[in-house]
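All values reported here derive from a predicted model rather than from experimental measurement.
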Amino acid sequence: MIIWLNGTHGAGKTTTSTLVQQLIPDSRVFDAEKVGETLMDITPGLPWTDNFQHWPPWRPLVVETARRVLDYTGGTLVMPMTVPVEQYWREISIGLADHAIPVRHFVLHADQDTLRRRIQEDTKMGPSGFRFAHLDAYAEAARTWMHEEAEVIDTTQLRPAQAASRIADAVLSRESNESRTG
């Protein structure tokens with residue numbers, strides 16, 4: 001199974017994913033950004049884009065990497081990755097479904113003021129123009145498709161541990177119900 005944590009920069013995906021992994025037995029964190037970083041390291045470089053998700057190989061490589069890891073380890077992958085383009089999400093989710101990999105899609109959401117403050121005050125990455133520049137794309141995705149496709153966890157007033165607990169509870173309660181009825 002995959003627990004996909006979507007949402008924009010500053011919503012708490014990376015921190016929450018580590019905490020979710022600690023709450024879900026036999027789980028691992030797989031950050032699909034590393035697939036993008038691998039593509040960025042190709043020399044000479046691939047055609048320029050402002051986001052590696054726009055490179056056509058990224059989406060199937062994410063699917064294939066997740067599939068291979070799950071085939072090798074079993075269990076659950078917790079994947080923190082912003083995917084604001086609906087077509088890209090469709091490619092990934094259909095690719096995973098083609099391999100019979102169930103996905104629980106969560107969106108970590110916070111209001112724009114909170115997101116901007118978190119990005120500005122981020123002590124690890126510092127204020128990031130890239131992260132600020134993608135807030136509008138997230139807002140549009142949230143308004144048009146993303147929140148309809150996922151379970152939304154509003155992190156505006158939540159600590160990451162609280163968000164992780166809600167996600168783990170939702171996943172584990174569904175697994176418990178399925179094992180009783182299955």
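Using a 4.5 Å cut-off on side-chain heavy atoms (C-beta onward), Glu140 and Pro84 make no contact. For the pair Val171 and Met1, the minimum side-chain heavy-atom distance is below 4.5 Å.
A distance of 4.5 Å separates CG of Asn51 from NE2 of His134, quoted to the nearest 0.5 Å. Once rounded to the nearest 0.5 Å, the distance linking CD1 of Ile101 with CG of Asp71 reads 7.0 Å. Note: Trp145 CH2 to Gln87 CD = 10.0 Å, rounded to the nearest 0.5 Å. Note: Arg68 CZ to Thr73 OG1 = 13.0 Å, rounded to the nearest 0.5 Å. Rounding to the nearest 0.5 angstrom, the gap separating the OG1 atom in Thr8 from the CZ atom in Arg131 is 8.5 Å. Here the CZ atom belonging to Arg104 is positioned 4.0 Å from the CD atom belonging to Glu151, to the nearest 0.5 angstrom.
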Is there a side-chain contact (heavy atoms from CB on, under 4.5 Å) between Leu158 and Arg166? Walk through the geometry before answering. CA-CA 10 Å; Leu158 293 180; Arg166 287 187 185 183; 3.6 Å; yes
Please walk me through it: do Asp50 and His54 pass side-chain contact (heavy atoms from CB on, under 4.5 Å)? CA-CA 8 Å; Asp50 65 341; His54 299 317; 3.3 Å; yes
Walk me through it: do Ile92 and Val103 pass the test side-chain contact (heavy atoms from CB on, under 4.5 Å)? CA-CA 10 Å; Ile92 291 167; Val103 177; over 6 Å; no
What's the verdict on side-chain hydrogen bond (donor to acceptor under 3.5 Å, both in side chains) for Thr155 and Arg118, showing C-alpha distance, side-chain angles and the deciding distance? CA-CA 11 Å; Thr155 67; Arg118 288 177 183 170; 3.1 Å; yes
Apply side-chain contact (heavy atoms from CB on, under 4.5 Å) to the pair Tyr138 and Val107, showing each step before the final yes or no. CA-CA 11 Å; Tyr138 165 73; Val107 172; 3.7 Å; yes
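At least one donor-acceptor pair closer than 3.5 Å links the side chain of Ser27 to the backbone N or O of Gln21. Judged purely by atom type and a 3.5 angstrom limit, Thr16 has no side-chain atom pairing as donor or acceptor with the backbone of Lys13. Panel note: side chain Thr65, backbone Val62; no donor-acceptor pair is recorded below 3.5 Å. Remark: side-chain polar atoms of Gln53 are paired, donor with acceptor, to backbone N or O of Thr82 under 3.5 angstrom.
Under the 4.5 Å side-chain heavy-atom criterion for grouping Ile, Leu, Val, Met, Phe, Trp and Tyr, Val69 is connected to Leu96 within one hydrophobic cluster. Tracing side-chain contacts under 4.5 Å through hydrophobic residues (I, L, V, M, F, W, Y), one reaches Met79 starting from Leu61; they form part of the same cluster. Grouping the Ile, Leu, Val, Met, Phe, Trp and Tyr side chains by contacts below 4.5 angstrom, directly or via other members, places Val35 apart from Val29. Taking hydrophobic clusters as Ile, Leu, Val, Met, Phe, Trp and Tyr residues chained together by side-chain heavy-atom distances below 4.5 Å, Leu108 does not share a cluster with Ile2. Transitive grouping of hydrophobic side chains (ILVMFWY, heavy atoms separated by less than 4.5 Å) keeps Phe106 and Val152 in distinct clusters.
Closest of all the heavy-atom pairs between Ala168 and Leu23 is CB-CB, 3.7 Å. Contact detail for Arg159 and Gln162: the closest heavy-atom pair is N-OE1, 2.7 Å. Contact detail for Ala161 and Leu19: the closest heavy-atom pair is N-CD1, 3.5 Å. In plain terms, the two heavy atoms of Pro47 and Trp55 that are nearest each other are O-NE1, 2.7 Å. Across all non-hydrogen atoms, the minimal contact from Lys124 to Asp122 is N-OD1, 2.8 Å. In this structure, Val83 and Asn6 approach most closely via the heavy-atom pair N-OD1, 2.8 Å.
Ring geometry, Trp58 versus Phe52: the interplanar angle falls from 30° to 60°, so the pair is classed tilted. Using cut-offs of 30° and 60° for the angle between ring planes, the His147 and His109 rings count as perpendicular.
The six-membered or imidazole ring of Phe130 lies near that of His9, with a centre-to-centre distance under 6.0 Å.
The 12-atom threshold is exceeded at CZ of Arg90, counting heavy atoms of other residues, nucleotides or ligands nearer than 6.0 Å. Around the CZ atom of Arg117, the shell of radius 6.0 Å holds more than 12 heavy atoms that belong to other residues, nucleotides or ligands.
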